[in-house]
Colleague: 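Sharing a structure below in structure tokens format, with a few things to ask.
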Amino acid sequence: MVLLPDPPAESLPRLTRSFCRRDTVTVARALLGQLLVRRLKDGTRLSGLIVETEAYLGPDDRAAHTYNHHRSPRNQSMWGPAGHAYVYFTYGMHHCMNVVTRDEHCPQAVLIRALQPIEGHQAMRLLRQPNPAKPLPNDTNLCSGPAKLCKAFAIARALDGIDLITSDELWLERARTRALPNKNIAVGPRIGIQSSGDWADKPLRFAVRGSPYISRPSGFTKT
DNA sequence: ATGACGATTTACT
DNA sequence: GTAAATCGTCATA
């Protein structure tokens, strides 16, 4: 089982806009092992290593919110520059967060699906608060899904469109210089998009191989 | 104005 | 394994 090492306690250099502007699959892979950081209003710092991502490839991608060039107030962040957040609300109760990739008017993004909690476990637990009488059994479930991590990080529509490169509320830090080697990346079809025809089968989900912090251990077809 | 639909999670059989 | 929760968004009228 491959556990990622904890990054140093002090803050790391940020990921750049150039990092995010690259090919979306490349970014989805390169984000694995990098740190998502949140500063709450009260100053609390939360962070987690990214262990699972999905690539959404724009107008051609039937599973993407920008399929067939669909553009609306909801998804306009995907049409903007790389390095901004696309946060959407779904199922009447959940938020999910993406990192926008490529150039402006090329509406692609990487969905962040799971994190390995690093800083602020206690605050995250309070934010998740599934049932105060029945606390979460362990930290592997804290951020093991796209909506769970948004809840734990207090990420909602108010943060949609935020610039992850310059923001002091939500940003990305470089926890590893080299991309995770391919042999340590599990690859499979994306989750929850079964009605998307042939795009449902494409290998656009990426995870740190063997990590206990991912949303679902099954479904991976290759490295 | 109305109805169908989620890039999900949780509880329950 | 299945089902319920719950509502913003968008297409249609």
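The chains referred to below are lettered A, B, ... by the order of the sequence lines, with proteins before strands, and numbering in each begins at 1.
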Colleague: Assess the residue pair Tyr213(A) and Ile50(A) against the criterion (side chain to side chain contact (heavy atoms under 4.5 Å, CB included)); give the C-alpha distance rounded to whole Å, side-chain angles, the decisive distance to 0.1 Å, and a yes or no.
Modeller: CA-CA 9 Å; Tyr213(A) 297 96; Ile50(A) 297 170; over 6 Å; no
Colleague: Looking at CD1 of Ile118(A) and SG of Cys143(A), how far apart are the two atoms once the value is rounded to the nearest 0.5 Å?
Modeller: 10.0 Å
Colleague: Suppose the criterion is side-chain hydrogen bond (donor to acceptor under 3.5 Å, both in side chains): which pairs have a residue in residues 24-42 of chain A, not counting sequence neighbours?
Modeller: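 For residues 24-42 of chain A, and leaving out neighbouring residues, the side-chain hydrogen bond (donor to acceptor under 3.5 Å, both in side chains) pairs sorted by first residue read Asp23(A)-Thr26(A), Thr24(A)-Thr101(A), Thr24(A)-Gln108(A), Arg29(A)-Asn182(A), Asp42(A)-Thr44(A).
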Colleague: List the residues meeting side-chain contact (heavy atoms from CB on, under 4.5 Å) with Lys202(A), not counting sequence neighbours, and say none if there are none.
Modeller: Trp199(A), Leu204(A)
Colleague: Under 4.0 Å between a side-chain N or O of Lys151(A) and OP1 or OP2 of dT9(B)?
Modeller: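 For Lys151(A), the contact criterion (side-chain N or O under 4.0 Å from OP1 or OP2 of dT9(B)) is not met.
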Colleague: Counting the atoms with a prime plus P, OP1 and OP2 as sugar-phosphate, which does Ala63(A) contact under 4.0 Å by heavy atoms, base, sugar-phosphate, or nothing?
Modeller: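 Base contact - Ala63(A) has a heavy atom under 4.0 Å of at least one base atom.
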Colleague: Please pick, from dT8(B), dG6(B), dA7(B), the nucleotide with the shortest atom-to-atom distance to any side-chain atom of Asn98(A).
Modeller: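 Output: dA7(B).
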Colleague: Scan for side-chain hydrogen bond (donor to acceptor under 3.5 Å, both in side chains) pairs involving residues 81-100 of chain A, sequence neighbours excluded, and state none if there are none.
Modeller: His65(A)-Tyr86(A)
Colleague: Between the protein and nucleotides 11-13 of chain C, are there any N/O to N/O pairs under 3.5 Å, and if so, what are the atom names and distances?
Modeller:
none

Colleague: Show your reasoning for whether side chain to side chain contact (heavy atoms under 4.5 Å, CB included) applies to Arg209(A) and Ile185(A).
Modeller: CA-CA 5 Å; Arg209(A) 168 170 286 234; Ile185(A) 299 180; over 6 Å; no
Colleague: By nearest atom, which of the nucleotides dT10(B), dT8(B), dC7(C) is closest to the Phe89(A) side chain?
Modeller: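 Per side-chain heavy atoms of Phe89(A), the pick is dC7(C).
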Colleague: Would you say Arg157(A) places a side-chain N or O within less than 4.0 Å of OP1 or OP2 belonging to dT9(C)?
Modeller: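 For dT9(C), OP1/OP2 do have a side-chain N/O of Arg157(A) under 4.0 Å.
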Colleague: Could you check how far CD of Glu52(A) sits from P of dT8(B), rounded to whole Å?
Modeller: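 It is 10 Å, rounded to the nearest whole Å.
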Colleague: Using whole Å, what does the distance between atom C1' of nucleotide dT8(B) and atom CZ of Arg205(A) come to?
Modeller: 14 Å
Colleague: Mind checking if Met78(A) touches a base, just sugar-phosphate, or nothing, with heavy atoms under 4.0 Å?
Modeller: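 Base, at least one base heavy atom under 4.0 Å.
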Colleague: In terms of side-chain heavy atoms of Arg74(A), which of dT8(B), dT9(C), dT9(B) is nearest?
Modeller: dT9(C)
Colleague: Report the distance from atom CG of Leu57(A) to atom C1' of dA7(B), rounded to the nearest whole Å.
Modeller: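 Leu57(A) atom CG is separated from dA7(B) atom C1' by 13 Å.
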Colleague: Taking the six-membered ring of Phe19(A) as reference, does the cationic atom of Arg22(A) (NZ for Lys, CZ for Arg) lie under 6.0 Å from its centre and within 45° of its axis?
Modeller: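 Flagged: Arg22(A) positioned over aromatic ring of Phe19(A).
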Colleague: May I have all residue pairs that pass side-chain hydrogen bond (donor to acceptor under 3.5 Å, both in side chains) and include part of residues 136-148 of chain A, sequence neighbours excluded?
Modeller: His121(A)-Asp139(A), Arg125(A)-Asp139(A), Asn138(A)-Thr140(A), Ser144(A)-Lys148(A)
Colleague: Taking atom C1' of dT8(B) as reference, at what distance in whole Å does atom CG of Leu111(A) sit?
Modeller: 11 Å
Colleague: What's the closest nucleotide to the side chain of Ile191(A) if the choices are dT9(C), dT8(B), dA7(B)?
Modeller: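 When the side chain of Ile191(A) is considered, dT8(B) is the closest of dT9(C), dT8(B), dA7(B).
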Colleague: Between P on dT9(C) and NE2 on His65(A), what's the gap in Å once rounded to a whole number?
Modeller: 12 Å
Colleague: Rounding to a whole Å, what distance do you find between Gln129(A):CD and dT9(B):P?
Modeller: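 In whole Å, dT9(B) P and Gln129(A) CD are 17 Å from each other.
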Colleague: Calculate the interatomic distance between Ile214(A) atom CD1 and dA7(B) atom P; express it in whole Å.
Modeller: 21 Å
Colleague: According to the salt bridge (Lys or Arg N to Asp or Glu O under 4.0 Å) rule, which pairs have a member within residues 152-161 of chain A, sequence neighbours left out?
Modeller: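 Listed once each, the pairs are Arg157(A)-Asp160(A).
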Colleague: Report the residues that fulfil salt bridge (charged side-chain N to carboxylate O under 4.0 Å, His left out) with Arg190(A), sequence neighbours left out, ordered by chain and then residue number.
Modeller: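 With sequence neighbours excluded, Arg190(A) shows a salt bridge (charged side-chain N to carboxylate O under 4.0 Å, His left out) to Asp61(A), given in chain and number order.
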Colleague: So, using side-chain contact (heavy atoms from CB on, under 4.5 Å) as the criterion, who are the partners of Ile165(A) when residues are at least two apart?
Modeller: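 With sequence neighbours excluded, Ile165(A) shows a side-chain contact (heavy atoms from CB on, under 4.5 Å) to Arg17(A), Cys20(A), Asp163(A), given in chain and number order.
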Colleague: I'd like a table of atom pairs between the protein and nucleotides 11-13 of chain B - only N or O on both sides, under 3.5 Å - with the distance next to each one.
Modeller:
none

Colleague: Tell me which nucleotide among dT9(C), dC7(C), dT8(B) gets nearest to the side chain of Arg113(A).
Modeller: dT8(B)
Colleague: Within the 4.0 Å heavy-atom criterion, would you say Arg62(A) contacts the bases, only the backbone, or no part of the nucleic acid?
Modeller: nothing
Colleague: State which residues pass side-chain contact (heavy atoms from CB on, under 4.5 Å) with Tyr67(A); sequence neighbours excluded, sorted by chain then number.
Modeller: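 Tyr67(A) satisfies side-chain contact (heavy atoms from CB on, under 4.5 Å) with Arg62(A) once adjacent residues are dropped.
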Colleague: Roughly, in whole Å, what's the span from CD in Gln194(A) to P in dT8(B)?
Modeller: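 Roughly 11 Å, once rounded to whole Å.
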Colleague: Hey, is CD on Gln194(A) packed in by over 12 heavy atoms from elsewhere, all under 6.0 Å?
Modeller: no
Colleague: Distances under 3.5 Å only, N/O to N/O: pair up the protein atoms with those of nucleotides 4-6 of chain C.
Modeller:
{"from": "dT6(C)", "atom 1": "O2", "to": "Tyr91(A)", "atom 2": "O", "distance (Å)": "2.5"}

Colleague: Quick one: do Leu46(A) and Leu15(A) end up in the same hydrophobic cluster if we chain Ile, Leu, Val, Met, Phe, Trp and Tyr together by side-chain heavy atoms under 4.5 Å apart?
Modeller: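 In one cluster with Leu46(A): Leu15(A), yes.
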Colleague: Please convert DNA chain B into dot-bracket. A pair counts if it is Watson-Crick or G-U wobble with both distances under 3.5 Å; crossing pairs go in [ ] and bases paired with another strand get |.
Modeller: ||||||.|||||.
Colleague: Counting neighbours of CZ on Arg174(A) that are heavy atoms of other residues, nucleotides or ligands and sit closer than 6.0 Å, is the number greater than 12?
Modeller: yes
